[in-house]
Amino acid sequence: MATGIGIDVGGTKILGVRLIDGEVDHVSKCNTPSTGGPGAVIEAIVETAQQLLVPEATAIGIGAPGPVVPGSGQMGPATNLTGWDRPIDIAGPLGSELGLPVVVENDTNAAAAAEHRTGAGQGSTDMLALWLGTGVGGGLVLDGQLRRGKGLAGEIGHVVVQPGGRRCGCGGVGHLEAYAGRAAIEREARRRHDSGEKTLLVELAGTRRMKSSLFVEALERGDEIAGELLGEAVGAVGAAVADIELVLDLDRVVLGGGVANRLGPYFVDGIRRTAGRGFGHIDLEVVLAELGDHAGAVGAAVLALDTARGA
Ligand SMILES: [Zn+2]
């Protein structure tokens, strides 16, 4: 029996799970404090962990937004957490407060590890998990092991798919995220709407955030701009996957995140088509993720248990 706690720290919510032998036994969540800086967020993490702690638990994993230097125990900088503008050691203070070893992992890597161990990636040896949400993230499993590198492995959102193309949220140019991230698609739709190319996307969203469900509605109603923007998104993801496939000869791509949840089959088919056009014989499975919102927390627990076992 292995019992661990995993906590996924997101920009809007903190979600924790108690994991017993790979199964989610209990879930606890709260809103991420938007005032009070890192201190308030750390306090909320402690409270979430305390609600899940049982005497059998042997490790706590934190899924952290933003890059994490492996083994550092540090989280940040994280643009979606107020005031978290630098790396801060959280493994130390959380460990002494909670009395268990604490491991910090990048959230998208943790989610990839979870899908590989207990979700849509089971049985795969070389796998890419691709998260299409507000931004675009990824995680890489090679020879059955999560590939961390120095902390950047799997960051597929910022590979260049269009030299000289659209500006990315990170400041770079032509990155995948600038074509396939929900926020970037929204920015582009609003820009084109403002310049006179009317689109249902903006008419339906008004001033509110353009949700992924709205992409589906506009597509179904035959909106031209929605068709173009989402066609570009699929093409960009397919091109990036095809390049990575050629370098790494993966056997599976797992697709998850808010945009993929709503538009899954559309992306799966598009990626199969684009990636299949590349060089050589490509034998690549493209499947949808299975763990939903719990993936980051489950993966953080799985990886923390690995570390505690010395695996
Ligand atoms: Zn970028």
Side-chain angles (χ1 to χ4, degrees), residues 67 106-133 135-166 168 170 172-182 184-185 229-261 263-291 295 299:
N106 168 260
D107 52 3
T108 58
N109 279 348
E115 288 292 343
H116 181 247
R117 240 29 113 66
T118 68
Q122 287 181 80
S124 163
T125 307
D126 300 304
M127 177 197 111
L128 172 72
L130 187 56
W131 309 113
L132 301 174
V136 176
L140 202 53
V141 171
L142 295 177
D143 295 328
Q145 297 292 321
L146 177 68
R147 174 76 174 190
R148 296 179 179 84
K150 295 185 289 298
L152 279 179
E155 283 290 348
I156 188 174
H158 305 281
V159 300
V160 175
V161 291
Q162 184 73 59
R166 273 188 223 154
C168 182
C170 74
V173 171
H175 292 180
L176 174 58
E177 183 170 295
Y179 291 85
R182 193 207 56 76
I185 296 173
L229 292 178
L230 288 158
E232 280 175 348
V234 170
V237 172
V241 168
D243 284 355
I244 289 163
E245 168 63 12
L246 274 182
V247 176
L248 298 174
D249 199 359
L250 304 166
D251 55 55
R252 201 173 305 173
V253 171
V254 174
L255 208 58
V259 174
N261 291 345
L263 286 159
Y266 183 76
F267 273 90
V268 168
D269 292 348
I271 292 167
R272 281 195 189 125
R273 263 200 319 276
T274 321
R277 245 185 257 136
F279 172 85
H281 172 69
I282 292 188
D283 186 12
L284 176 68
E285 274 184 89
V286 185
V287 297
L288 292 174
E290 290 174 359
L291 302 178

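The structure presented is a predicted model; accordingly, all values stated were derived computationally and were not measured. For reference, positions follow the sequence shown, starting with 1. Only this structure's heavy atoms are used, side chains among them; waters, hydrogens and symmetry mates stay out.
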Report all side-chain donor-acceptor pairs from residues 172-180 shorter than 3.5 Å, counting only partners two or more places apart or in another chain.
| unit_1 | atom_1 | unit_2 | atom_2 | d |
| --- | --- | --- | --- | --- |
| H175 | ND1 | H158 | ND1 | 3.4 |
| E177 | OE1 | V136 | N | 2.9 |
| Y179 | OH | R166 | N | 2.9 |

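Annotation for Q145: atom CD does not count as buried by contact number, only 12 or fewer foreign heavy atoms lying within 6.0 Å.
For the atom pair CG (D251) and CD (E245), the distance works out to 8.5 Å, reported to the nearest 0.5 Å. To the nearest 0.5 Å, the span separating OG1 on T108 from CG on L140 amounts to 10.5 Å. Atoms CG and CG, on L132 and N261 in that order, are 9.5 Å from each other to the nearest 0.5 Å. Note that the CG atom of L291 and the CZ atom of R117 stand 12.5 Å from one another [nearest 0.5 Å]. Rounding to the nearest 0.5 Å gives a distance of 7.0 Å between CD of E115 and CE of M127. In this structure, CG in N109 is found 10.5 Å from CH2 in W131, a value given to the nearest 0.5 Å.
Contact between G256 and A289 at its shortest, heavy atoms only, is CA-CB, 3.9 Å. Closest heavy-atom contact between A112 and G139: CB-CA, 3.7 Å. Residues A295 and A114 approach most closely at O-CB, 3.2 Å, considering heavy atoms. Pairing each heavy atom of G270 with each of V234, the nearest pair is CA-CG1, 3.4 Å. In plain terms, the two heavy atoms of V254 and L288 that are nearest each other are CG1-C, 4.3 Å.
Residues F267 and V286 form no side-chain contact, since every pair of their non-hydrogen atoms from C-beta on lies 4.5 Å or further apart. A 4.5 Å side-chain heavy-atom check between R252 and V287 finds at least one atom pair inside the cut-off. Looking at heavy atoms from C-beta onward, V253 lies out of side-chain contact with I271 at the 4.5 angstrom threshold. Counting heavy atoms from C-beta on, the side chains of L128 and L248 never come closer than 4.5 Å. With a 4.5 Å cut-off on side-chain heavy atoms, D243 and V159 do not count as touching.
Listed for the D126 side chain is no donor-acceptor partner under 3.5 Å among the backbone atoms of L142.
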